[in-house]
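Nothing here was measured: the structure is a model prediction, and the numbers come from that model.
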Amino acid sequence: MIARRSTPDSGTCGSLRISTFCLFLLLGVAAQLSAQEGAVDTTTRSNPQIPPAPVTSLIAEDFNYDDGENIMLTWVPSIDDQPAIGGVTGYQVFQIRNDGVPEKLADLLPGANSFRAQDLQIDSTYRFYVVALADGVSSESIRTAPIRTEREWIDWNLWNLMLITLIIGGAIIVFIETAKRGKKLFVRKIAGLEAVDEAIGRATEMGRPILYIPGIQDMDDVQTLAALTILGRVAEHVATYDIKIRMPVSRSLVMTAARETIKASYQAAGRPDAYSEDMVSYVTDEQFGYVAAVSGIMVREKPATVFLLGAFMAESLILAETGNSVGAIQIAGTARPAQLPFFVAACDFTLIGEELFAASAYLSGEPRALGSLKGQDVGKAIAMVAVVLGMAAVTLYSLTEGGAFKSVADWLHTMFTIASD
Amino acid sequence: MDHLGLWLAGLLTLGIYSFLYRDNPWYKVSEAIFVGVSAGYWVVYEYWQNFVGKFWDQKGDQPWLWIGAALGLMMLMRLIPKIGWISRWPLSFIIGATSGLWLMLYLTTNCIAQVEATIFPLFGADFDASAIAIFSNFVLVAGTICGVVYFFFSKAHTGAFGATARVGIWTIMITFGAMFALTIMNRMSLLIGRTSFIFGEWLGLLR
């Protein structure tokens, strides 16, 4: 029984062993053959006379959400592109335009598998190919199908910017409409602006002129625009009290806009006849040439009040100190952080940063300006909430590694990151 | 000729500096030369840079430059009082276009980038920040929030809101102090540069 039973078992085990042996033998032979083939390959690829294998799967795609000047190329590197083999020393990317003449775009290092062709012509057709380089030999890939550069009107990578703009813009429109319907919008008092009337009154009492400096930037700077808005209000007072206003400017466009502003203010005050174009004069675009002239005007005309409102640079301290030395009451304001310390140190009142923009709304009381100011406050509220929430979520995540905190942190990070192509 | 230019530069530099004493004829002459020469220089610069460089040389390749040229011509209509009102059109175009451009720039740099930079773990990525770093992080976040509160115009600065705004303005003033010192240092380097010109290049007293 045992013998009868053991025989087939022994046979089964034996055949199993044999089968296993044969299998290992076969695998061993296959591995040996494979190794030999590899060895042959290595020797072949190292041969400088034989070109490396070309790159494969070369694809050219229009770059998404750009201005139509970019195409993205991707490929699978040459199979010889391995550091151990050293068969590929780099790649060259070529473009072919309608004239059929290849033009080299870039030299890339080994291992490269993508390239962004930039500065192409909008709505033009291109073909591309990639050359794999070895020592003295090279091989070209197949050429891509013709691809046309396309310009997209909307960059959807910036969807978060669009969303935030829509929220803040929407809030501004709502507040403007609210103000237009006659609802009084609250804006807190700004100390520097409360002093405007006092400063104009002082000039009236002393019989001395007012000097108004709108910064040294052109009309494309929002600070200059804010300065001219405040000028409108100041000029109205000046016209009413019959004070002399002097406004040397460093830009011809600012001169034009300032003259229009003062003229409108004089008309609004009912004194168009008292307006003169000489109130605003162009000096020079050169920064310190302008400073030299304004400093001279200050010491010679000794204005009772000096307004330094707008975009200032290195000249801020010189102007503020000279105005201070002639005993003028000075109201300054700029959104340039580096210049604000000088105004704070040398002037009587300073409008800090956004106060300059708020001033124009505060003084004019116009629905559009007030609504804009209130809408910006919504933006500030969103920013504050985002900072507190984001900082709390990131901190809690770093302490607890909680998934919920990570989700909040990631979402806020996405929302407040500007994508760059 | 080189010597003449050198002496002229030296004397005019001292002339401008003489303003530190008081307004005087030497300063007036230097000022007039400075203003006149710089205004003339800018006329020439603008002509070659903008008219010739940006328009005349490229008008063939970029026909839309003619629109800019037309706007520039409209601006010159101010010289003819009867049709001076035409100049308001290019002016309004400039203000409108640049306002739109500045809107996005301000929103990204002054708002979104600032918020993104302020979202960070207070105690470090793996609770590994030093005590000083943790203190700095708290100061940065609190200072930012209080600073923004100060610039919030829709609410009166009273009560807790007012106290927060006061902390904000103190933070801003401390920052201004540091910036003041930094800028003064930069200005000192400018002074050193000019003094070096006077005593070195001009008078030859520095070796």
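- V187(A) touches chain B through backbone and side chain together, each having a heavy atom under 4.5 Å away.
- One finds a salt bridge joining D377(A) and K380(A) here, because a Lys/Arg side-chain nitrogen approaches an Asp/Glu carboxylate oxygen to under 4.0 Å.
- Looking only at heavy-atom pairs under 4.5 Å with chain A, the residue among V37(B), I16(B), T108(B) that has the most is T108(B).
- Checked for salt-bridge contact, E201(B) and R194(B) miss the test: no charged N lies under 4.0 Å from a carboxylate O.
- If you measure heavy-atom distances from I190(A) to chain B, the contacts under 4.5 Å come from the side chain alone.
- Within the 4.5 angstrom heavy-atom criterion, only backbone atoms of F120(B) (N, CA, C, O) approach chain A.
- Both the backbone and the side chain of S295(A) come within less than 4.5 Å of a heavy atom in chain B.
- Aromatic ring centres of F342(A) and F180(B) lie closer together than 6.0 Å.
- Interface check for chain A: of the options Y45(B), Y41(B), F19(B), the most heavy-atom pairs under 4.5 Å are formed by F19(B).
- With respect to the salt-bridge test (charged N to carboxylate O, under 4.0 angstrom), the residues K54(B) and E46(B) do not qualify.
- Interface remark: V43(B) contributes no atoms to any contact with chain A (heavy atom separation under 4.5 Å).
- For the pair F176(B) and F343(A), the minimum side-chain heavy-atom distance is 4.5 Å or more.
- V283(A) touches chain B through backbone and side chain together, each having a heavy atom under 4.5 Å away.
- Using a 4.5 Å cut-off between heavy atoms, L190(B) does not touch chain A at all.
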What do the steps show when you test Q223(A) against F357(A) for side chain to side chain contact (heavy atoms under 4.5 Å, CB included), and what is the final call? CA-CA 7 Å; Q223(A) 296 173 75; F357(A) 308 121; 3.9 Å; yes

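- Contact count against chain B (heavy-atom pairs under 4.5 Å) is highest for I352(A) among V388(A), I352(A), N160(A), V378(A).
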_Would I86(B) and I83(B) count as a side chain to side chain contact (heavy atoms under 4.5 Å, CB included) here? Give the steps._
CA-CA 6 Å; I86(B) 293 176; I83(B) 52 171; 4.0 Å; yes

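- In terms of heavy-atom pairs under 4.5 angstrom with chain B, the leader among L225(A), I382(A), L396(A) is L225(A).
- Of the atoms belonging to A345(A), it is side-chain heavy atoms, and not backbone ones, that fall under 4.5 Å from chain B.
- Interface remark: of the candidates S154(B), S38(B), A156(B), S154(B) forms the most heavy-atom pairs closer than 4.5 Å to chain A.
- Most heavy-atom pairs under 4.5 Å with chain B: of the set M384(A), M219(A), M415(A), this distinction falls to M384(A).
- A distance below 6.0 Å separates the ring centres of Y150(B) and H157(B).
- Ranked by non-hydrogen atom pairs under 4.5 Å with chain B, the options L373(A), L389(A), L412(A) are led by L373(A).
- Put simply, the side chain of Y362(A) reaches to within 4.5 Å of the side chain of E194(A), judged on heavy atoms.
- Looking at R88(B), only its side chain comes within 4.5 Å of chain A, counting heavy atoms on both sides.
- In this structure, the portions of F288(A) lying under 4.5 Å from any heavy atom of chain B include both its backbone and its side chain.
- For chain B, the option among A383(A), G379(A), A314(A) with the highest count of heavy-atom pairs below 4.5 Å is A314(A).
- When each of E260(A), Q376(A), K189(A), K374(A) is checked for heavy-atom pairs under 4.5 Å with chain B, E260(A) comes out on top.
- Between the side chain of Y282(A) and the main chain of D285(A), a donor-acceptor pair closer than 3.5 Å is present.
- Of the atoms belonging to E277(A), it is side-chain heavy atoms, and not backbone ones, that fall under 4.5 Å from chain B.
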